[in-house]
Amino acid sequence: MDNTDSPYFSLVIPAYNEQENIPTLLHRVGASLHQIGKPFEVIIVDDGSTDTTPQLLAEGMKTYPWLRVLRMKKNGGQSAAFEAGFAAARGEVIGTIDADLQNDPEELPRLLPMLDDHHVDMITGWRAKRQDSKFRLIQTRIANRIRNYISQETIQDSASSLKIYRAHAIRGMKLFNGAHRFFPTLVKMRGFTCLETPVKHSARFAGTAKYGFRNRALRAFIDLLAVRWMKSRWLRYEANEVQRAE
């Protein structure tokens, strides 16, 4: 079922200079989401691309009625793109994947029912068998251990973009640059529940990664300290209005 004014599912995909991947991405996403049997929309957030990504998305909008495109004025990073996409999403359930097709769109129909089956607010994918270089695998393994130790978490792969949320779990959540690495923790801090499950991970379909080690390591560590501080200072309380006696 295609897009309606009230879609059940909104898929948000940040894209930055992904001209090699856009046509295949749109084809695979459409084929996958038609399997869920409910109205859906796909929001691709063009994060200030300087290649032919904008033109390819404009052509895609002529072909796919379920496709919506947001164009960032300038490159703002994944967290900004996700926040813009979340704000625009109209679905009861919101999903995310990367545009490089390392996240398999075909996983989405399998993951969606898990929200109800496990009575949770969020499903986060765990790339148990990552198709990356040995250096990146070692880097990620160390980063995950440090992240869990400092943030007092148990999530094995919080940076995976393959995620599904009930919209209320993230709607209105104000993000910061780098927040996309900590979504499971941020969602749980708001009082919602999260389930981590293994998902497929593929080698990059085409093109090259736009965010490398030198862009991430120090900033990610500083962000991690900020998240630990936020957890320690997060307001947790219950308040009920006192009813007037009759």
Side-chain angles (χ1 to χ4, degrees), residues 8-15 18 21 24-38 40 42-45 78-79 81-82 85-86 89 91 93-134 136-145 147-148 151 153-167 169-170 179-188 192-207 209 211 216 220:
Y8 167 75
F9 183 63
S10 299
L11 180 63
V12 175
I13 310 174
E18 293 287 0
N21 295 310
T24 302
L25 173 70
L26 294 176
H27 174 75
R28 286 179 60 182
V29 163
S32 174
L33 294 187
H34 274 104
Q35 297 178 37
I36 70 176
K38 295 181 179 180
F40 67 88
V42 177
I43 302 171
I44 295 189
V45 184
Q78 282 180 282
S79 295
F82 277 130
F86 293 160
V93 176
I94 299 173
T96 60
I97 61 171
D98 284 333
D100 59 12
L101 290 170
Q102 288 197 270
N103 303 137
D104 287 9
E106 293 78 11
E107 289 275 62
L108 294 166
R110 179 180 71 86
L111 297 180
L112 262 170
M114 296 177 70
L115 286 174
D116 292 328
D117 292 345
H118 294 273
H119 307 289
V120 294
D121 300 295
M122 174 184 180
I123 302 292
T124 183
W126 166 33
R127 297 164 293 180
K129 297 180 180 179
R130 290 188 60 168
Q131 303 301 310
D132 284 323
S133 67
K134 180 176 286 189
R136 189 153 190 177
L137 290 173
I138 294 172
Q139 168 197 335
T140 301
R141 191 175 299 119
I142 294 171
N144 282 335
R145 289 176 180 172
R147 181 187 296 119
N148 280 340
S151 64
E153 265 291 1
T154 58
I155 298 294
Q156 300 180 77
D157 187 12
S158 69
S160 169
S161 289
L162 181 50
K163 294 178 168 64
I164 294 177
Y165 314 80
R166 299 190 194 276
I170 52 170
H180 62 279
R181 301 184 186 96
F182 306 98
F183 277 147
T185 299
L186 296 176
V187 165
K188 288 193 281 187
F192 299 111
T193 52
C194 174
L195 173 71
E196 185 175 31
T197 188
V199 294
K200 295 177 183 177
H201 185 251
S202 303
R204 172 177 263 275
F205 180 76
Y211 304 99
R216 300 187 303 170

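The figures here come from the full heavy-atom set of this structure, side chains too, leaving out hydrogens, waters and symmetry mates. Positions are given from 1, in the same order as the sequence printed here. Computed from a predicted model, the values in this text were never measured in an experiment.
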Exercise. Side chain to side chain contact (heavy atoms under 4.5 Å, CB included) between Arg166 and Asp116: does it pass, once the steps are laid out?
Worked result: CA-CA 10 Å; Arg166 299 190 194 276; Asp116 292 328; 3.1 Å; yes
About how many Å separate [atom2] of [Y] and [atom1] of [X], when rounded to the nearest 0.5 Å?
X: Ile36; Y: Tyr8; atom1: CD1; atom2: OH; answer: 7.5 Å
X: Ile123; Y: Leu112; atom1: CD1; atom2: CG; answer: 9.0 Å
X: Glu106; Y: Arg28; atom1: CD; atom2: CZ; answer: 4.0 Å
X: Leu195; Y: Leu111; atom1: CG; atom2: CG; answer: 9.5 Å

Exercise. Any salt bridge between Asp121 and Lys188, counting N to O under 4.0 Å?
Worked result: no
Exercise. What class does the angle between the rings of Tyr165 and Phe183 fall in, given that below 30° is parallel, 30 to 60° is tilted and above 60° is perpendicular?
Worked result: perpendicular
Closer than 3.5 angstrom, by distance alone: can the side chain of [X] be matched with the main-chain N or O of [Y] as a donor-acceptor pair?
X: Ser10; Y: Ile94; result: no
X: Arg110; Y: Val199; result: no
X: Asp100; Y: Gln102; result: yes
X: Glu107; Y: Lys200; result: yes
X: Thr124; Y: Pro184; result: no
X: Asp98; Y: Asn103; result: no
X: Thr96; Y: Ser161; result: yes

For this session: Give the intermediate values and the outcome of side chain to side chain contact (heavy atoms under 4.5 Å, CB included) for residues Leu25 and Ile97.
Result: CA-CA 10 Å; Leu25 173 70; Ile97 61 171; 4.2 Å; yes
Exercise. Gln35: what forms a side chain to side chain contact (heavy atoms under 4.5 Å, CB included) with it, not counting sequence neighbours?
Worked result: Pro109
Problem set entry | His118 atom NE2: more than 12 heavy-atom contacts under 6.0 Å | yes
Exercise. Side chains of Phe40 and Leu11: does their closest heavy-atom pair fall under 4.5 Å?
Worked result: no
Problem set entry | Test applied, side chain to side chain contact (heavy atoms under 4.5 Å, CB included); reference residue, Ile13; option that passes from Ile44, Val45, Leu26 | Ile44
Exercise. Taking all non-hydrogen atoms of both residues, which atom of Pro14 and which atom of Ala99 are closest, and how far apart?
Worked result: O-CB, 3.4 Å
